[in-house]
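Order of the sequence lines sets the chain letters (A, B, ...), proteins ahead of strands, with each chain counted from 1.
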Number of protein chains: 2
Amino acid sequence: MARLDTRQQILDLAEELIRSKGYNSFSYHEISHTLGVKNAAVHYHFPTKEVLGLEVIRSAIQRFKDFKEETASLSLEEQLDAFIQTYSINSENDKVCLVGAISVEFYGLPENMTNVMKGLTRLIHDWVTNLLAMGKAEGMFAFDMKPETKATMIITNLAAGVQIARLMGNETFSDLIKGIKTDLGLNK
Amino acid sequence: MARLDTRQQILDLAEELIRSKGYNSFSYHEISHTLGVKNAAVHYHFPTKEVLGLEVIRSAIQRFKDFKEETASLSLEEQLDAFIQTYSINSENDKVCLVGAISVEFYGLPENMTNVMKGLTRLIHDWVTNLLAMGKAEGMFAFDMKPETKATMIITNLAAGVQIARLMGNETFSDLIKGIKTDLGLNK
DNA sequence: GTCTATACCTTGATAGAC
DNA sequence: GTCTATCAAGGTATAGAC
C-alpha cells in the first residue's frame, strides 16, 4: 500500500511535535523514523527545518480561515463553542496551541517564523474581538470592557489553559471553560 | 576582580534562557560563552543539563515561598498587585513565566523536571485561590464562581498574557491587567 | 519521490593538568 | 574552581544513484 501523501503526513506530524514538545525539541530523524521514510525524504519535501516550521504555521492560517467560513452561519454562541472546541483536550490529545508553542520559544526561532505567526495571532484575535462585539450588541454576551480586551482575556485563558492542564490535570481545563462562560453571563 | 559566585550566575542565566527561548533551545556553550568561562566550568557546578533545569525550578520554588512571606502583611489588593507585578514586562524584559515555558516543552523534558514543576504550579495556584477566597469573603474581590476556578482564570491570563505580548505587543499585556481587575470588581 | 552515503557542526559530557 | 583537550552522539543538510 503506497503512501498517499508523504508531504502532508510530514506536515501534520511536525505540527503535532511542535505542539507537544516545541520546535527545537524534535528532529528530522524523529519525523522520518516515525513515518517509516528516510531523513533525505523529509528534506526533499521541506529543504530546511525553517521551511517546515513556516509551512506548519501557514497551514494553520489556512485552517483558521476555513474555520471562519464553516462557522459563519452558526449562532454567535455556537461560534464561541466551536472556537473553544478547537482547544479541547483529552487524555490522548493535550497539544498546546500554536500561539503558545511559538511564543514560548520566540527568541530561539527563525524570525521568519515568528513574523508569520504574528499574522495568525492577529487573525484569531480580530475574529474573537468581532464575535464578542456582535454578541454584546445582541445582548448575548455580557462584559464591561472593550471587546479587544475581553478577546485577549479569553484567548489567554484558552492558550495557557491547555498548558497548565499538563501540570494540573484536564479537570482544570474543563473547569476553566465554565468560568469563561460564567464571566460572559452564559451558564444561567 | 574575581567572579563572586559563578554557580549563581549560571543559575540566573539558565533561568533567563529557559524563559526566553525554552530549555531545549540553549546550550552549555551559550552559558559558558556569555559568562566568560569554559564549558567544563559549567559542568563542574551542574554536572548534567537536567540537574541545571531542576535547580532552576527549585530556586523558583524558593523564590515564591519568599514572596509569600514578604507580602503576607500587605492588604489583599496589594498582594494581588505584587503577584501581577512578578509577570510584568517591558521592552527589555519579556520573559515568559516558568509555568508556560515548562508546560509548552512538557513532552520534550526530563520527567524529573516536569514533576518538580507540578509542585510549583500547585503552590502558586493554592496561594492565588486562597487570596481570592479571602478577598471575596471580605467583599474586596467580586466573582461568581469557585475561587479555584477564578485562580485558574487569572493565572492563565497572566501566563499567556506575557506570551501573546511577544506576538501582539506589550500594550496587549497592560490592557489585559486592566481587564482582570475589572472582572474582579476593582477599577471602580 | 525515495534511497544510501556522507559531510559538517553542535551538543552534552568527561579526564586530567593546574 | 577553572582550564585544555577530547569524545561520542545527534543535529541539519547535501550529492547522487535508483
Side-chain angles (χ1 to χ4, degrees), chain A residues 1-18 20-57 59 101-102 105 107-114 116, chain B residues 1-18 20-59 101-102 104-105 107-114 116:
Chain A
M1 81 190 176
R3 231 182 326 281
L4 284 175
D5 192 345
T6 302
R7 191 194 134 90
Q8 190 60 46
Q9 285 183 292
I10 295 169
L11 205 53
D12 291 345
L13 180 55
E15 172 165 347
E16 197 177 310
L17 289 168
I18 290 174
S20 72
K21 327 201 296 186
Y23 177 84
N24 285 319
S25 304
F26 77 88
S27 65
Y28 268 49
H29 172 263
E30 181 169 5
I31 290 191
S32 60
H33 184 257
T34 304
L35 297 182
V37 295
K38 296 297 170 186
N39 184 351
V42 183
H43 276 283
Y44 168 79
H45 293 284
F46 303 94
T48 70
K49 197 180 178 186
E50 175 173 350
V51 168
L52 176 55
L54 278 167
E55 288 307 311
V56 165
I57 300 174
S59 79
I102 300 300
E105 287 191 293
Y107 294 103
L109 298 176
E111 222 179 321
N112 238 328
M113 280 181 63
T114 53
V116 175
Chain B
M1 81 191 174
R3 229 183 328 281
L4 284 176
D5 192 346
T6 302
R7 188 194 137 91
Q8 189 61 44
Q9 284 184 292
I10 296 170
L11 205 53
D12 291 346
L13 181 54
E15 171 164 349
E16 197 176 310
L17 289 168
I18 290 174
S20 73
K21 329 200 300 185
Y23 177 84
N24 285 318
S25 303
F26 78 88
S27 65
Y28 268 50
H29 172 263
E30 182 168 3
I31 290 192
S32 61
H33 182 76
T34 304
L35 298 182
V37 295
K38 297 298 170 185
N39 182 353
V42 183
H43 276 284
Y44 168 80
H45 292 284
F46 303 94
T48 71
K49 197 179 178 187
E50 176 174 349
V51 166
L52 176 55
L54 279 168
E55 288 306 311
V56 167
I57 300 174
R58 291 203 181 104
S59 79
I102 299 300
V104 161
E105 287 191 293
Y107 294 104
L109 298 176
E111 221 178 320
N112 237 327
M113 281 181 64
T114 53
V116 176

Give a yes/no on whether any side-chain N or O of B:Tyr44 is located under 4.0 angstrom from OP1 or OP2 of D:dT2.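 Result: no.
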For C:dT2, does OP1 or OP2 lie under 4.0 Å from any side-chain N or O of A:Thr6?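 Yes.
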For B:Glu30, side-chain contact (heavy atoms from CB on, under 4.5 Å) partners two or more places apart: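 With sequence neighbours excluded, B:Glu30 shows a side-chain contact (heavy atoms from CB on, under 4.5 Å) to B:Leu17, B:Lys21, B:Phe26, B:Ser27, B:Thr34, given in chain and number order.
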What pairs with B:Pro110 under side-chain contact (heavy atoms from CB on, under 4.5 Å), at least two apart in sequence or on another chain?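 Once residues adjacent in sequence are excluded, the partners of B:Pro110 under the side-chain contact (heavy atoms from CB on, under 4.5 Å) criterion are B:Tyr23, B:Glu50, B:Met113.
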Tell me the bend of the helix from C:dG1-D:dC18 to C:dC18-D:dG1 as the angle between end helix axes, each from five pairs, rounded to the nearest 10 degrees.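 End-to-end axis angle for the helix from C:dG1-D:dC18 to C:dC18-D:dG1: 10°, rounded to 10°.
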Among residues at least two apart in sequence or on other chains, which ones pass side-chain hydrogen bond (donor to acceptor under 3.5 Å, both in side chains) with [X]?
X	answer
A:Tyr107	B:Asp94
B:Glu15	B:Arg19, B:Arg63
A:Gln8	A:Asp12
A:Ser25	B:Asn24, B:Glu105

Tell me: [atom1] of [X] to [atom2] of [N], nearest whole Å?
X	N	atom1	atom2	answer
A:Asn24	C:dT11	CG	C1'	13 Å
B:Gln9	D:dG1	CD	P	14 Å
B:Gln8	D:dG1	CD	P	14 Å
A:His33	D:dG10	NE2	P	12 Å
B:Leu35	D:dT2	CG	P	10 Å

Output the single nucleotide from C:dC3, D:dG1, C:dT2 whose closest atom is nearest the side chain of B:His45.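 The nucleotide sitting nearest to the side chain is D:dG1.
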For residues 32-52 of chain A, which residue pairs qualify under ring pair (Phe, Tyr, Trp, His ring centres under 6.0 Å), counting only residues two or more places apart or in two chains?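 Listed by first then second residue: A:Tyr28-A:His43, A:His29-A:His33.
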Can you name the closest pair of heavy atoms from A:Ile102 and A:Leu109 and give their distance?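 Here A:Ile102 and A:Leu109 meet closest at O-CD1, 3.5 Å.
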Between the protein and nucleotides 11-14 of chain D, which nitrogen or oxygen pairs come in under 3.5 angstrom?
| residue | atom | partner | partner atom | Å |
| --- | --- | --- | --- | --- |
| D:dT12 | OP1 | A:Lys49 | NZ | 3.3 |
| D:dT12 | OP2 | A:Tyr28 | N | 2.9 |
| D:dA13 | OP2 | A:Lys49 | N | 2.7 |
| D:dA13 | N7 | A:His43 | NE2 | 3.2 |
| D:dA13 | N6 | A:Asn39 | ND2 | 3.1 |

